[in-house]
There are 2 protein chains.
Amino acid sequence: MPVTVLLVDDEPLVRAGLRAVLEAQPDIEVVGEAADGAAVIPLVRQLRPHVVAMDVRMPLLDGIEATKAVLRTIPDPPKILVVTTFENDEYVYRALRAGADGFLLKRARPSEIVHAVRLVAEGETLLFPTAVRSLAAEYGNREARETLERAALTEREEVVLRLIARGLTNAEIAAQLYVGTETVKSHVSAVLAKLGARDRTQAVITAYESGFVSPA
Amino acid sequence: MPVTVLLVDDEPLVRAGLRAVLEAQPDIEVVGEAADGAAVIPLVRQLRPHVVAMDVRMPLLDGIEATKAVLRTIPDPPKILVVTTFENDEYVYRALRAGADGFLLKRARPSEIVHAVRLVAEGETLLFPTAVRSLAAEYGNREARETLERAALTEREEVVLRLIARGLTNAEIAAQLYVGTETVKSHVSAVLAKLGARDRTQAVITAYESGFVSPA
DNA sequence: CGGCGTCTCCCCCGTGCGGGGGAGACGATC
DNA sequence: GATCGTCTCCCCCGCACGGGGGAGACGCCG
């Protein structure tokens, strides 16, 4: 009985690549494809794959939300293998926190991809589940994350915070956004107030600690 | 033929615990112990263990340097399993970059510890070697790391940078260190100059990006 | 011994930063 | 139509910050 796989990625090319690699294995069968996270639930329900290979960054519903949705709504859910282009992608960590069972780089060698699919299918989630799982869990410590979630920053404020976290001054942010420095000051003040930060330095710290921005 | 293991940890209690857990397995044999990194090389040369379970934080020579030393000087080196108390320990990432084959939490369950030793002995380094290895490699991006290494901060400056990266003002740092604020200003200026940072905010960013401080 | 580096502290000075408060324009919502 | 949230911009003000330059004390090392 072969391992059945559902591919979820918004790029057809990536799906084709994965399909080619996986179908070459006699014990692995690709049973379906989806181009965005929203289509995953009905497909999983219908096809009941053993493994879902899911891109993290997708339009409509991203890999994190799709992972949560699958785990929440499907009884005896499939194993979820998160596929990403970049290592150290904060989305990957969020996906692991959301319950994904493993992650895979797009530029991995075919043998590694096949290996990964077989391993997650066997239930061997991660080499040291405790370590990696809690690594993911701790990544972005809880207080900082909650602070930032409760902050409920507006879109503009999020943009400003990202620029602050890249070390820009108010004047530089203003130039970047084509607005006046006074406007930036307003946003910065709002951000600081919402984060409970005294100055931009503390805001940057919160941004890193919460995983809002990630090193590297 | 059993798997032979060398234990390296400065705390006898931890060594005893690991020994107890591992010796309970018929196919695993603890062939030696060392209390610090400096003693590792001759012991490895003499005992030729399959696996070295090594603490990262040790006096004299830490786990990172010891790992490098073993890999550099021993032909056909043993597998190195890095042991740590905290997940998300930046030292662990450095050790993995240095060539360690896996990592293990001290609070892992005995079965997980045994499992980890068997897996690394079999050469199954990490579930997705590429992913995790490069995760470790990217952890702390190269430029930032090199900036910080080239910076060659003095001990005092490092301390000050850590406090800056915790969001303290100069006055607070001064209070913390029992020195005058003018002194702190001197150190801060030195840090900024060495890091090529314009202000403390950019210094914090460099600290995070380089892995000098880590989220969570 | 004389240098060198580190840590400590001092003064002057400009300015970017952040708080407080106010206000107009726009869109969504009720 | 009125209300609310968001984004935009303005003024005043105090201050922490950071640069420049100088200096004494200590320990290390050639």
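Proteins come first, then strands; the chains are lettered A, B, ... in the order of their sequence lines, and each starts at number 1. Note: hydrogens, waters and symmetry copies are ignored here, and every other heavy atom, side chains too, is used.
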Original post:
So, is B/H187 close to the C/dT6 phosphate, meaning a side-chain N or O under 4.0 Å from OP1 or OP2?
Top reply: no

Original post:
Do A/D199 side-chain atoms and A/Q202 backbone N/O form a donor-acceptor pair below 3.5 Å?
Top reply: yes

Original post:
Does a nitrogen or oxygen in the side chain of A/T183 sit under 4.0 Å from OP1 or OP2 of D/dC9?
Top reply: yes

Original post:
Which whole-number value in Å describes the distance from B/E182 CD to D/dA16 C1'?
Top reply: 12 Å

Original post:
Under 4.0 Å between a side-chain N or O of A/N170 and OP1 or OP2 of C/dC17?
Top reply: yes

Original post:
Between C/dG18, D/dC7, D/dC11, which one does the side chain of A/R200 approach most closely?
Top reply: C/dG18

**OP:** Select base, sugar-phosphate, or nothing to describe what B/T169 touches, counting heavy atoms under 4.0 Å on all strands.
**Re:** sugar-phosphate

**OP:** Round to the nearest Å and state the distance from B/D199 atom CG to C/dT15 atom C1'.
**Re:** 12 Å

**OP:** Mind calculating the distance between CG (A/L168) and P (C/dC17) to the nearest angstrom?
**Re:** 10 Å

Subject >> Spacing of B/L192 atom CG relative to D/dA16 atom P, expressed in whole Å >> reply: 18 Å

Subject >> Rounded distance (Å) that lies between atom C1' of C/dT6 and atom CG of B/L177 >> reply: 15 Å

**OP:** Take atom CG of A/L195 and atom C1' of C/dG19, then tell me their distance rounded to the nearest Å.
**Re:** 16 Å

Original post:
Closer to the 5' end of DNA chain C via nearest nucleotide, is it A/V188 or B/V179?
Top reply: B/V179

Original post:
Rounded to whole angstrom units, what separation is found between the CD atom of B/E155 and the P atom of D/dG27?
Top reply: 16 Å

Subject >> Separation of atom CD in B/E157 from atom P in C/dC7, rounded to whole Å >> reply: 6 Å

Original post:
If you pin B/S186 and B/R198 to their nearest nucleotides in DNA chain D, which one's is more 5'?
Top reply: B/R198

Original post:
Any idea which heavy atoms bring A/V31 and A/L47 closest together, and the distance?
Top reply: O-CD1, 3.7 Å

Original post:
Is there a donor-acceptor pair under 3.5 Å between the side chain of B/H187 and the backbone N or O of B/E157?
Top reply: no

Subject >> Donor-acceptor contact present, side-chain B/R166 to main-chain B/L161, <3.5 Å >> reply: no

Original post:
Do A/T181 side-chain and D/dC9 base share a donor-acceptor contact under 3.5 Å?
Top reply: no

Subject >> OP1 or OP2 of C/dG19 under 4.0 Å from side-chain N/O of A/S189 >> reply: yes

Original post:
With distance as the sole test, does B/T201 use its side chain to make a donor-acceptor pair with the main-chain N or O of A/R200 at under 3.5 Å?
Top reply: no

**OP:** Could you pick out which residue, B/K185 or B/R156, lies toward the 5' side of DNA chain C when each is mapped onto its nearest nucleotide?
**Re:** B/R156

